[in-house]
Amino acid sequence: MYSLLLFFAPIKGIIIIVALSTMIDTAFGVWKAKKLGEKLSSKAFRSGLVPKLLSYVGTVMMVYGSDVFIINSLVSNLIDVEFLATKVIALTLIINEAKSIDESWEAVKGYSLIAKLLEIINNLKKVKKEL
């Protein structure tokens with residue numbers, strides 16, 4: 001068991017971020033359901049969060065295993081980024097969760113949080129150019 005913990009130690013931060021993004025998405029889903037008057041049940045919560053969390057973390061861990069033994073040695077000759085495949089998979093999962101959070105936000109508030117943030121960034125870029 002201790003050997004497994006040591007093996008996955010280099011990606012503990014990635015695992016934590018993927019797990020947190022999944023839990024935050026679930027919290028936004030619960031918030032959306034309450035605001036829209038949808039029914040919540042503990043069974044739906046268990047059948048949604050736990051399998052999703054286990055599959056996401058399991059996917060990151062499996063890709064990391066492939067990265068350590070196969071992918072990293074092939075890719076490191078081209079790109080100097082350690083465990084690139086693991087990072088790409090984790091980023092994909094996090095973006096998926098961010099999109100889901102945005103959908104919940106939009107359902108409750110009526111506008112996309114991501115679109116609003118991009119609009120603010122673009123306005124700041126315009127102001128910077130003018131200065």
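For Glu97, the salt bridge (charged side-chain N to carboxylate O under 4.0 Å, His left out) partners two or more places apart in sequence, or in a different chain, are Lys52. Applying the ring pair (Phe, Tyr, Trp, His ring centres under 6.0 Å) rule to Phe83 yields the partners Tyr64; only residues at least two apart in sequence or on another chain are considered.
Sorted by first then second residue, the ring-ring contact (aromatic ring centres under 6.0 Å, His included) pairs that include residues 9-28, not counting sequence neighbours, are Phe28-Trp31.
Atom CD1 of Ile89 sits about 9.5 Å away from atom CG of Asp67, to the nearest 0.5 Å. Taking CG from Leu84 and CD1 from Ile71, the interatomic distance works out to 9.0 Å, rounded to the nearest 0.5 Å.
Under the 4.5 Å side-chain criterion, counting only non-hydrogen atoms from C-beta, Leu54 is in contact with Val50. Here the side chains of Glu103 and Lys32 are not in contact, with every heavy-atom distance at 4.5 Å or above.
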I'd like a table of donor-acceptor pairs (distance under 3.5 Å, sequence neighbours excluded) in which one partner is a side-chain atom from residues 7-22, with atom names and distances.
from	atom 1	to	atom 2	distance (Å)
Ser21	OG	Ile17	O	3.3
Ser21	OG	Val18	O	2.8
Thr22	OG1	Val18	O	2.9

Only pairs under 3.5 Å count here: list side-chain donor-acceptor contacts from residues 105-116, not counting sequence neighbours, and write none if there are none.
from	atom 1	to	atom 2	distance (Å)
Ser112	OG	Asp102	OD1	3.2
Ser112	OG	Asp102	OD2	2.7
Ser112	OG	Ile114	N	3.4
Ser112	OG	Ala115	N	3.2

Check residues 122-131 and write down every donor-acceptor pair under 3.5 Å in which the side-chain atom is one partner and the other belongs to a residue at least two apart or another chain.
from	atom 1	to	atom 2	distance (Å)
Asn122	ND2	Leu118	O	3.3
Asn123	ND2	Glu119	O	3.4

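Between the Lys34 side chain and the Gly29 main chain, no donor and acceptor come within less than 3.5 Å of each other. A donor-acceptor pair is defined here as one N or O able to donate and one able to accept, closer than 3.5 Å; such a pair exists between the side chain of Ser76 and the backbone of Asn72.
At a threshold of 4.5 Å between side-chain heavy atoms, the hydrophobic network of Ile, Leu, Val, Met, Phe, Trp and Tyr places Ile94 and Val57 in one connected group. Under the 4.5 Å side-chain heavy-atom criterion for Ile, Leu, Val, Met, Phe, Trp and Tyr, Leu36 and Val30 are members of distinct hydrophobic clusters. Taking hydrophobic clusters as Ile, Leu, Val, Met, Phe, Trp and Tyr residues chained together by side-chain heavy-atom distances below 4.5 Å, Met62 does not share a cluster with Leu6. Clustering ILVMFWY residues whenever any of their side-chain heavy atoms sit less than 4.5 angstrom apart, transitively, puts Met61 in the very cluster that holds Phe69.
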(request) Starting from the C-alpha separation in whole Å, work towards a yes-or-no answer on side chain to side chain contact (heavy atoms under 4.5 Å, CB included) for Thr92 and Asn96. (result) CA-CA 6 Å; Thr92 303; Asn96 184 39; 5.7 Å; no
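The minimum heavy-atom distance between Ile101 and Ile24, with the atom names listed, is CD1-CG2, 3.6 Å.
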